[in-house]
Amino acid sequence: MSTPLPWGDTQPPWTFGQVKHQGSVTLGKMLQTKGAGQDALAPYMRAANVQPDGVLSLDGVKEMWFSPRELKDLSLQQGDVVVVEGGQGGFGRAAYVGEDLEGWGFQNSINRIRPNAGNDGRFLTYYLIALRATGYIRRYCNIVSMPHLTAEKLAAIPLPLPSGHEQRAITGYLDRETAEIDSLISAQERFIGLLQERRQAVVEHELSEVAAAVPGTRLKHLVRSVRQGWSPQCFPWPGDGVQTWAVLKAGAANRGLFRPEENKVLPEDLEPRPSTVVRRGDLVVSRANTRDLVGSAAVVCGDYPRLMLSDKLYALALDESKALPRYVAHLMASRRIRGLIEVAASGASSSMQNISRDQIVNLPMHVPELAEQRRILERLDREATNFDTLIAKTQRHIELARERRRALITAAVTGQIDITKGV
């Protein structure tokens with residue numbers, strides 16, 4: 001039987017319809033910051049609560065004002081499915097609500113699907129996860145600028161309509177299989193963490209021996225100049241920074257690795273600022289980030305003539321007759337300097353801490369002669385290679401496991417594997 005699904009494969013003799021045939025779709029309310037009449041403050045679901053792969057995270061709860069009628073109409077109960085409505089990074093993400101969220105509502109960044117009697121919200125969640133993983137949701141939304149999976153579009157998405165018994169059999173199977181895969185991924189991620197700790201211990205040992213033998217100075221005495229960028233309203237997708245003007249995000253310098261792909265494209269109607277372009281050899285430092293990432297430093301190792309700093313990043317041009325950028329980047333990542341940065345950082349929220357230019361340039365540095373810096377970097381490169389190779393292999397295993405997870409979900413919810421025999 002030919003189907004209207006994006007895969008176009010022959011499926012079991014299921015009927016086919018649209019999301020609206022499985023349940024009702026409701027968009028949440030616009031953020032309301034002031035109450036009126038009988039309004040009450042209540043927690044609400046937002047896009048940040050709906051994480052990839054169907055994970056529903058209720059950390060960082062926020063509140064807004066709802067009328068009694070709105071709280072009734074926009075309730076969240078066990079069996080509901082929540083789907084992110086907009087945003088370049090998250091639109092179309094879906095998660096299953098596994099318990100009644102008494103007194104909660106949801107914002108207009110969320111569409112709620114409430115399944116009809118007999119239908120299983122877990123099956124619908126798995127199906128939407130599969131659609132998003134294949135790129136179907138992105139194509140379906142026909143993105144021009146900011147993507148939106150509106151309630152109308154969501155309701156019209158085509159899907160198979162197996163019976164309630166078949167849906168429960170499929171979701172039970174997927175719950176078991178994906179739990180095993182997720183357990184394997186978690187174990188591999190812990191292994192990567194252990195490897196990174198051992199790698200850092202090697203670096204710490206090399207640096208601590210030098211620190212005891214050379215006099216200290218301040219970072220400002222090793223720096224020729226410090227530049228900061230700007231943060232215009234950009235498109236949410238990345239550019240190449242070579243042919244396309246783009247602005248780096250705060251995460252471009254995370255954990256010692258420069259990531260030029262962490263950027264946003266500058267609209268053509270905005271004039272670029274060439275003075276903020278990163279240069280080969282710059283030490284890029286994150287001015288604003290989470291507590292464990294603020295002050296992260298990385299060296300620019302390539303040429304990106306149209307890649308600009310944001311106002312959340314500093315670029316330090318070092319005096320390379322005194323200090324090598326890669327050596328200083330290692331020092332910035334050391335436990336001693338990280339401890340000083342985290343003490344100096346400030347901010348009302350743990351998710352966004354700030355450190356000033358003066359605090360950064362006054363960090364203490366123990367820097368040996370250039371020849372010794374080069375010898376230490378050569379030793380670190382040799383010793384780190386084995387760790388980096390193992391980390392890369394483990395990361396590949398994780399990606400393969402995630403690919404298997406996605407393929408398994410897709411095959412099950414579209415009937416490409418027979419889960420429902422005997423149901």
Side-chain angles (χ1 to χ4, degrees), residues 192 195-197 199-200 202-204 206-207 219-220 222-229 231 238-242 246-264 276-320 322-342 344-345 352-357 359-361 363 365 367 373-374 376-378 380-381 384-385 387-388 391-392 395:
I192 287 177
L195 290 173
Q196 290 172 332
E197 287 179 7
R199 185 187 192 280
Q200 184 60 29
V202 170
V203 176
E204 295 286 345
E206 291 285 350
L207 298 181
L219 181 55
K220 62 185 176 184
L222 309 174
V223 173
R224 291 186 183 276
S225 65
V226 180
R227 293 174 293 122
Q228 187 176 357
S231 291
D240 61 11
V242 177
V247 178
L248 286 166
K249 298 191 289 187
N254 283 1
R255 304 192 189 284
L257 180 64
F258 181 65
R259 297 176 174 86
E261 70 278 4
E262 286 289 311
N263 70 70
K264 295 182 178 182
T276 66
V277 168
V278 292
R279 303 162 187 162
R280 182 187 289 268
D282 276 348
L283 185 69
V284 176
V285 181
S286 176
R287 176 189 66 81
N289 213 317
T290 59
R291 180 165 291 278
D292 62 328
L293 292 176
V294 65
S296 288
V299 179
V300 179
C301 297
D303 295 311
Y304 304 95
R306 296 188 174 185
L307 193 55
M308 297 175 285
L309 298 160
S310 74
D311 69 350
K312 291 183 170 60
L313 294 171
Y314 297 119
L316 281 61
L318 298 184
D319 181 347
E320 295 193 31
K322 298 178 180 178
L324 301 176
R326 287 183 60 222
Y327 191 86
V328 175
H330 279 303
L331 286 175
M332 295 281 286
S334 68
R335 291 191 182 94
R336 178 170 177 267
I337 301 301
R338 285 300 315 160
L340 294 173
I341 289 172
E342 291 181 18
M352 187 54 68
Q353 295 284 294
N354 296 273
I355 187 166
S356 71
R357 168 177 169 165
Q359 288 169 325
I360 289 173
V361 299
L363 288 169
M365 297 279 131
V367 180
Q373 292 179 49
R374 292 191 181 96
I376 292 172
L377 288 174
E378 288 172 2
L380 290 178
D381 287 343
T385 296
F387 289 110
D388 291 341
I391 289 170
Q395 288 172 332

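Just so you know, these numbers come straight off a predicted model, no measurement behind them.
Among all heavy-atom pairs drawn from Gln359 and Ala344, the shortest one is NE2-O, 3.3 Å. Nearest heavy-atom pair across Asp240 and Val242 is OD1-N, 2.9 Å. Across Asn263 and Gly239, no two heavy atoms sit closer than the pair OD1-N, 2.7 Å. Minimum interatomic distance between Val328 and Ala323 (heavy atoms only, all atoms of both residues): CG2-CB, 3.8 Å.
Put simply, the side chain of Asp282 never gets that close to the backbone of Val284: no donor and acceptor are under 3.5 Å apart. Using a distance-only test at 3.5 Å, with no hydrogens or angles considered, no donor-acceptor pair links the side chain of Ser334 to the main chain of Glu204. Under the 3.5 Å distance criterion, the side-chain polar atoms of Arg287 are left unmatched by any main-chain donor or acceptor of Arg357.
Between atom CD1 of residue Ile376 and atom CG of residue Asp381 there is a gap of 12.0 Å, rounded to the nearest 0.5 Å. Of the inter-residue distances, the one linking Ile192 atom CD1 with Arg199 atom CZ reads 13.0 Å to the nearest 0.5 angstrom. Summarising the geometry, atom CG belonging to Asn289 is positioned 6.0 Å from atom CE belonging to Met352; distances are rounded to the nearest 0.5 Å. Taken to the nearest 0.5 Å, the CD atom of Glu342 stands 7.0 Å off from the CG atom of Asp292. Between the CG atom of Asn254 and the CZ atom of Arg259 there is a distance of 5.5 Å, given to the nearest 0.5 Å. Taking CG of Leu331 as the start and CG of Leu219 as the end, the distance is 9.0 Å to the nearest 0.5 Å.
Scored by the salt bridge (charged side-chain N to carboxylate O under 4.0 Å, His left out) test, Lys264 finds no partners at all (sequence neighbours excluded). When the salt bridge (charged side-chain N to carboxylate O under 4.0 Å, His left out) test is applied to Glu262, the partners found at least two apart in sequence or on another chain are Lys249.
In this structure, the side chains of His330 and Leu377 come closer than 4.5 Å at one or more pairs of heavy atoms. Side-chain contact between Tyr327 and Leu380 is absent, with no heavy atoms from C-beta onward closer than 4.5 Å. Looking at heavy atoms from C-beta onward, Asp311 lies in side-chain contact with Gln228 at the 4.5 angstrom threshold. You'll find the side chain of Met365 stays beyond 4.5 Å of the side chain of Lys322, heavy atoms only. Between Ser286 and Lys312, the closest side-chain pair of non-hydrogen atoms is not below 4.5 Å. A heavy-atom distance below 4.5 Å is not found between the side chains of Val294 and Asn354.
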Can you give each donor-acceptor pair under 3.5 Å made by side-chain atoms of residues 295-307, sequence neighbours left out, with the distance rounded to 0.1 Å?
unit_1: Ser296; atom_1: OG; unit_2: Leu293; atom_2: O; d: 2.7
unit_1: Asp303; atom_1: OD1; unit_2: Arg280; atom_2: NE; d: 3.4
unit_1: Asp303; atom_1: OD2; unit_2: Arg280; atom_2: NH2; d: 3.1
unit_1: Arg306; atom_1: NH1; unit_2: Gln243; atom_2: O; d: 2.9

### Worked check of side chain to side chain contact (heavy atoms under 4.5 Å, CB included) between Leu222 and Asp319
CA-CA 6 Å; Leu222 309 174; Asp319 181 347; 5.8 Å; no

### Task
Please lay out, stage by stage, how Met332 and Leu363 fare under the test side chain to side chain contact (heavy atoms under 4.5 Å, CB included).
CA-CA 9 Å; Met332 295 281 286; Leu363 288 169; 3.9 Å; yes

### Query
So Arg374 and Glu378, salt bridge (charged side-chain N to carboxylate O under 4.0 Å, His left out) or not? Walk me through it.
CA-CA 6 Å; Arg374 292 191 181 96; Glu378 288 172 2; over 6 Å; no

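Each of Ile355, Leu316, Ile341 was scored for a side chain to side chain contact (heavy atoms under 4.5 Å, CB included) with Val285, with one residue passing: Leu316.
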